[in-house]
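Scroll down for the structure; my scribbles are underneath it.
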2 protein chains.
Amino acid sequence: MALDRIDFAILDTLQKDGRISNSALAEKIGLSQSACSRRLDQLEKSGVIEGYHARLSNGALGHKMTAIVHISLSGQFEKSLAEFEAAIKRCPNVLSCHLMSGEYDYVVRIAAKDLEDYERIHKEWLTAMPHVIKINSSFALREVVDRTSMGIMPELA
Amino acid sequence: MALDRIDFAILDTLQKDGRISNSALAEKIGLSQSACSRRLDQLEKSGVIEGYHARLSNGALGHKMTAIVHISLSGQFEKSLAEFEAAIKRCPNVLSCHLMSGEYDYVVRIAAKDLEDYERIHKEWLTAMPHVIKINSSFALREVVDRTSMGIMPELA
DNA sequence: GTTGAAAGTAATCCGCC
DNA sequence: GGCGGATTACTTTCAAC
């Protein structure tokens, strides 16, 4: 799907305010409501927009701690990976998980209430996952940036 | 702010569908529209809901590669950290960045179109940031989980 | 791409139970 | 917490340009 500047402007706006009304969006990017609505339809149907989500405050919900955990499995067979991934998806404290190249197989970001809560997660979830042989936890002292998708500003230039 | 099961149900729903209408939300959680609207107001004003965002497909936008970069600075003075953080916030390819305890000072997640694009980002942004003395890049082979906030299901129990 | 209009739906705010 | 009502605003669709 070919996107032009107007599409990027729509995406940029919607990324910053996912609940903006079609009319406000149309006005902001300088398009009529009908044209704006049609483009938005296209962007949603084509999969460029995957969905809309409320962003909750982990802190306000009592999860003031973020851990970044590097995990290695005992083998890299697709079956082992699949079993581990199915397990990690079930853990509600997992914010993100990527299969990686390099020293560790997975990098996992975890939200916890506090250190004690992290110990519980570590024990009940992480060490209980299939094929795990090595776990290395680091803790975030501060969140500097946290976005789901990258800023699309560069494409606007 | 004290949250009850109804609040968690609202949050859970809104996290999955950030554009749901108040009337649909009210029906889903079994509340009248006015009560639902009042609670939502509170959740937004109290900061539990930080905002609403469209989730864009990095892949569809041409950014098919995710890198996780560990960065160390030459010193951990607050001034150095602040300067580095100001710089990293400016980079549009940065998805997340955390100041860490442990071996590296920062863990940064970066979206890139491809390896060539990553090399450009590495050269133009990462190595150009103030006080950086060590950069270690790993690449994601697969995204297993990616959420902004943790699932709040556990609180529903 | 635009405008304008119609019809349906939703949000907001009210007082009251 | 629920209900009904009134007002205002938004969405969607359509026709015509």
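Please read these numbers as outputs of a predicted model, since none were measured by experiment. We name chains A, B, ... by the order of the sequence lines, and we start the count at 1 in each one.
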Quiz item: Looking at residues at least two apart in the chain, or sitting in another chain, which of them share a side chain to side chain contact (heavy atoms under 4.5 Å, CB included) with B:Glu83?
Solution: B:Lys79, B:Pro130, B:His131
Quiz item: D:dC3 P sits how many Å from B:Glu27 CD, rounded?
Solution: 13 Å
Practice problem: Could you pull out all residues at least two apart from A:Glu50 that satisfy side chain to side chain contact (heavy atoms under 4.5 Å, CB included)? | Solution: B:Arg55, B:Ser57
Got a list of protein N/O to nucleotides 11-15 of chain C N/O distances below 3.5 Å?
unit_1	atom_1	unit_2	atom_2	d
C:dA11	OP1	B:Asn22	N	2.4
C:dA11	OP2	B:Asn22	N	3.4
C:dA11	OP2	B:Ser23	N	2.9

Quiz prompt | Remaining members of the apolar cluster that contains A:Ile133, side-chain heavy atoms under 4.5 Å | solution = none
Exercise. Would you please name every residue forming a side chain to side chain donor-acceptor pair (under 3.5 Å) with B:Asn58, sequence neighbours left out?
Key: none
Quiz item: Taking only residues two or more places apart in sequence or in another chain, which ones pass side chain to side chain contact (heavy atoms under 4.5 Å, CB included) with A:Arg38?
Solution: A:Ser34, A:Ala35
